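Here is the structure we will look at, set down as structure tokens.
By convention in this document, chain letters (A, B, ...) are assigned in the order of the sequence lines, proteins followed by strands, and residues within each chain are numbered from 1. All of these numbers come straight from a predicted model, not from anything done at the bench.
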Amino acid sequence: MKVLAAGVVPLLLVLHWRHGAGSPLPITPVNATCAIRHPCHNNLMNQIRSQLAQLNGSANALFILYYTAQGEPFPNNLDKLCGPNVTDFPPFHANGTEKARLVELYRIVVYLGTALGNITRDQKILNPSALSLHSKLNATADILRGLLSNVLCRLCSKYHVAHVDVTYSPDTSGKDVFQKKKLGCQLLGKYKQVIGMLAQAF
Amino acid sequence: MALSEVFQTTFFLTLLSLRTYQSEVLAEHLPLTPVSLNVSSNSAHQSLHLQWTVQNLLYHQELKMVFQIQISRIETSNVIWVGNYSTTVKWNQVLHWSWESELPLECATHFVRIKSAVDDARFHEPNFWSNWSSWEEVNVQDSLGQDILFVFPKDKLVEEGANVTICYVSRNIQNNVSCYWEGKQIYGEQLDPHVSVFHLSSVPFIRKTGADVYCEVSQGSVSKGIKGIVLFVSKVLEEPKDFSCETQDFKTLHCTWDPGVDTALGWSKQPSQSYTLFESFSGEKKLCTHKNWCNWQITQDSQETYNLTLIAENYLRKRSVNILFNLTHRVYPMNPFSVNFENVNATNAKMTWKVHSMKKDFTYLCQIELYGEGKMMQYNVSIKVNGEYFLSELEPATEYMAQVRCADASHFRKWSQWSGQNFTTLEAAPSEAPDVWRNVNSEPGSHIVTLFWKPLSKWHAKGKILFYNVVVENLDKLSRPELHSVPAPAKITKLTLDQRSYRIWVTASNSVGTSPASVIVISADPENQEVEEERIADTEGGFSLSWKPQPGDVVGYVVDWCDHPQYTLCDLQWKNVGPNATSTVISTDAFRPGVRYNFRIYGLSTKRIACLLEKKTGYSQELAPSDNPHVLVDKLTSHSFTLSWKYYSTESQPGFIQGYHVYLKSKARQCHPRFEKAILSDGSECCKYKIDNPEEKALIVDNLKPKSFYEFFVTPFTSAGEGPNATFTKVTTPDEHSSMLIYILLPMFFCFLLIMIVCYLKSQWIKETCYPDIPDPYKSSILSLIKFKEKPHLTIMNVSDCIPDAIEVVSKPEGTKIQFRKSLTETELTKPNYLYLLPTEKNYSGPGPFICFENLTYNQAASDSGSCGHVPVPLKLPPSQLGLMISPENVQKALEKNYMNSLGEISAGETSLNYVSQLALPMSGDKDSLPTNPVEPPHCSEYKRQMAVPLCLASPSPTENTSLSSITLLNPGEHYH
């Protein structure tokens, strides 16, 4: 529980720093007004595209860095240990409307944010000397936070969507070390796959 | 009242005895059975935890009991462990006991039962066991879930070298499961159809983040997934080494140790081992914050003995090391401080220092080390608080370094660190006279005396020498001595003295005083230069010199030489030798191979007058000559020549020149007399002549052949070899008869010169006789005659009036040699006929009969060309060019340079060919008309007579219909008339 309090909860609070954040939120009616503390940029979509491209550019390197740091058997059994078999990952439909796509993107980014938080916490304990991996994980989490903020701004300013139901990645704090390593690897494999698709879709 | 008290007492005693009896009976006859057995499991520690109580114990009764515990695996009959557990049991007490399984509990069902017996000395009868409790089952598998595969134990922490049992639980027995330990497959034994067990023995430490064991479940060739565990293998905790404690102030004990390997593991599975100090006498304990040192506060002055235990501990092991010591034996003093020097003079100084106070009556043993002059001296001294030591027998003007360290004088354990300081002693007066020598050059009326002295050694200088005093005293004339003060570090001074005897004192002075004087006397007589020079050789790194002793009393001998004789400042050196010596060896690192060293040996009389005894010269190592002489060839005749190299210096060579080799090459196979055959370094043969006298610097090479080619090469040689290889010089002997030619050629030359002079003087006559001038028509006398007759038509021919390039046939000759003339006469007999010299484009078809005329007057150059005066003219000229040429203007221009013969020379009525004009070649500016097909000059016919015919006489007027020449010359239709 301590680990949970130290890792995931602060991350979730950061990701949902707005008033009322912290619990799954229903989609608001279209005509509902959004209360955003800061004005949104005009070129939000460009920023979103840019952030997605940035994430897509670094996803593979992060994935490689991760499984290399785990040691055997991970590097030689990527398909079995790091396959993107994440069952509860939020779906994405590239042929949907921009609004639908943004809502799905929002869910995915929230999910990935919590997953990265768990991975970062676990790796800092398990691999305290893997500084480059920690740095890369932190940098990715930073970009995800920015992306989340921009998506929310877009949803709110254009589509008046202030609340989206979200799901979080499973908490790994109670799992054994091998499972943590494996789950982290699977999540980063999924992230690499999904972020490429998202970058294409936007 | 008393009776009632007695009764009561008796009643209670009876009751008490009854009670005791009852309890004994109960213990002996009622079974004390363990009941309420509860078994729980701890998967992380792979342990079973048992709890039970003992039935039938009396209130407040304490009994020592023994419990036997049985543990079965998979089924009750499979007992895997039986053991006893003894303890004292109280009434209603819940007993606890744990058992650790080597097999993860998840992989098999375990069963536990227990029985007990009294093991108390108060019971004399033999003990009997209670009945077994019922089997308690522990089944963890049921709580695993529905996954297809489980691997255990999870995240187990073991020590390096431990044996580990790993197992997996597969839900489907159809699945094939393969397990790997760090990438290598491991094989185990099947516990039941779902469970397999692997034994890893003596596991090594792999990495701090643990080592993975994983199992892959597959059905056929299809992988269903991978499950694994991380095994954390810790390094074995080592016992701390070199544990020791010491104090510098009796307030703190500073303990240090070598911790050995760090047993920390990742995932916070195990932190670094901790260290704790425990003192058994005081019972105090301190957790150390550093891994290799810890401070222990000394609080009680009365405690002198300490028993300190250092405990190293991690999750798996505890190691300890212990030392017992008396505090006073563990003193490591702090460094001395305030090191100073007092009363420093030339030879002694007082050194003082301080030490930190420890406690009452503490005595230090201090050690002093004094470094100076490359030596070290050591002194020991005992002190209390302030230390001092008197340093004596020091050298003046010398820098010393003194350092001090201290230890406990009562119980020596360890020296403190050094504390030191530098100091310099004061100067003293120089203790010895400088070593002086001189060089005297006699000049007319004076002696140039150069005084040399060696700097005093530090030992003798006793300070910094500031200057040298040179006092010159005239021995032949009473006068005041002259004082010359030469500032240091000069080592030389020059004096000009007259030819009298002088005594010279030389002293050295520093800031404190002056050294004793060194005396030398310069005699009025010039130095004996007639001493013969003797050659010596270097032996074993030095020159061995010997001399005949000087008659009379001598105070010693001096040998002098130059270390660098090749330079002007040759660095004069000298060596003083005792009066009884007659030989010495001069050896110095300054000697170089190939340098000639000259030694002079002087005897010093009692009056300090130096007398040159002998001269020696030699090389430390002779080398081959560095250069060859420049050889001049002289007196070259047809049979001999002389080679000379008289300017070659034998003195400046890197060895004693012993002679010369003269090499001679010639075409002749045989060598000349006195020469012998030799093979050169390049393998060629030549003749060699050896000159053994180094001063013989010429050689006459004779018996040579005239007009022959010779090559020679002269090289000197020393004991080390010849001079460098160089090219041979070439000489060709002159012809024997060449002088005779001079006797013939000289008169011939004079004869020819005479003829030329005569010819020059008679040139006018020769010219008039051989080639007279051609008369100028303008200057002819006939002009005056014409004017006189007043015939205006008869004038000199005008060029513009002439028709060029046509020959007018004045009359038909009888016998013609020219073929084409016949056709002309046949066609137009009545008209003047023109023969065209330049063929037209159409009527010319290659080389054919051609006519040319010799006209030396008009075209001398052409006539000289040997082609009958005909200049090759392009035979195929374009009509336009022809037209250009034959247009009146062009023709006129072309003819402007030609002279015309006067009519007066024409004899009218002669039957002949009359030359009318010559057409000049096209000008160079007409590029298009350059000949493209020059043709060979054809056969020529000649004419002997030539004349210019005025148009008015030779042809009709141009205005008349007589333009035949033009019509015939040009192609009609393309050109104009």
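- For the set B/V151, B/V230, B/D155, the count of heavy-atom pairs under 4.5 angstrom toward chain A peaks at B/D155.
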### Derivation of the side-chain contact (heavy atoms from CB on, under 4.5 Å) call for B/L37 and B/Q51
CA-CA 6 Å; B/L37 176 63; B/Q51 292 181 69; over 6 Å; no
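- In this structure, A/Y67 and A/F63 have perpendicular ring planes: the angle between them is above 60°, well past the 30° mark.
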### Residue pair A/Q51, A/N150: steps toward the side chain to side chain donor-acceptor pair (under 3.5 Å) verdict
CA-CA 10 Å; A/Q51 284 165 323; A/N150 283 335; 2.8 Å; yes
### Query
What's the verdict on disulfide bond (SG atoms under 2.5 Å apart) for B/C294 and B/C255, showing C-alpha distance, side-chain angles and the deciding distance?
CA-CA 5 Å; B/C294 199; B/C255 299; over 6 Å; no
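- Contact annotation for B/K224: neither backbone nor side-chain heavy atoms come within less than 4.5 Å of a heavy atom of chain A.
- In this structure, no portion of A/N76 lies under 4.5 Å from any heavy atom of chain B.
- Only the backbone of B/I229 comes within less than 4.5 Å of a heavy atom of chain A; no side-chain atom from C-beta onward does.
- What you find for B/S201 and B/N163 is that their closest heavy atoms are CA-OD1, 3.1 Å.
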### Task
Apply side-chain contact (heavy atoms from CB on, under 4.5 Å) to B/Q270 and B/F232, showing your working.
CA-CA 9 Å; B/Q270 177 174 265; B/F232 290 91; over 6 Å; no
### Task
Go through B/V203 and B/V158 one step at a time and tell me if the side-chain contact (heavy atoms from CB on, under 4.5 Å) criterion holds.
CA-CA 9 Å; B/V203 289; B/V158 295; 3.9 Å; yes
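- Counting heavy-atom pairs closer than 4.5 Å to chain B, the top residue among A/L81, A/N127, A/L126, A/N77 is A/L126.
- Residues of residues 84-97 of chain A never come closer than 4.5 Å to chain B when only heavy atoms are counted.
- For a residue to count as touching a neighbouring chain, one of its non-hydrogen atoms must lie under 4.5 Å from one of that chain's; by this rule A/Q70 touches chain B with the backbone only.
- Residue contact with chain B, scored on non-hydrogen atoms closer than 4.5 Å, is absent for A/K124.
- Taking the six-membered ring wherever Trp is involved, the centroid distance between the rings of B/W181 and B/Y214 does not fall below 6.0 Å.
- In this structure, A/F178 has its ring center closer than 6.0 angstrom to the ring center of A/F74.
- The candidate with the highest count of non-hydrogen atom pairs below 4.5 Å against chain A, out of B/G228, B/G225, B/G266, B/A211, is B/G228.
- Taking a 6.0 Å sphere around NZ of B/K241, one finds it holds more than 12 heavy atoms contributed by other residues, nucleotides or ligands.
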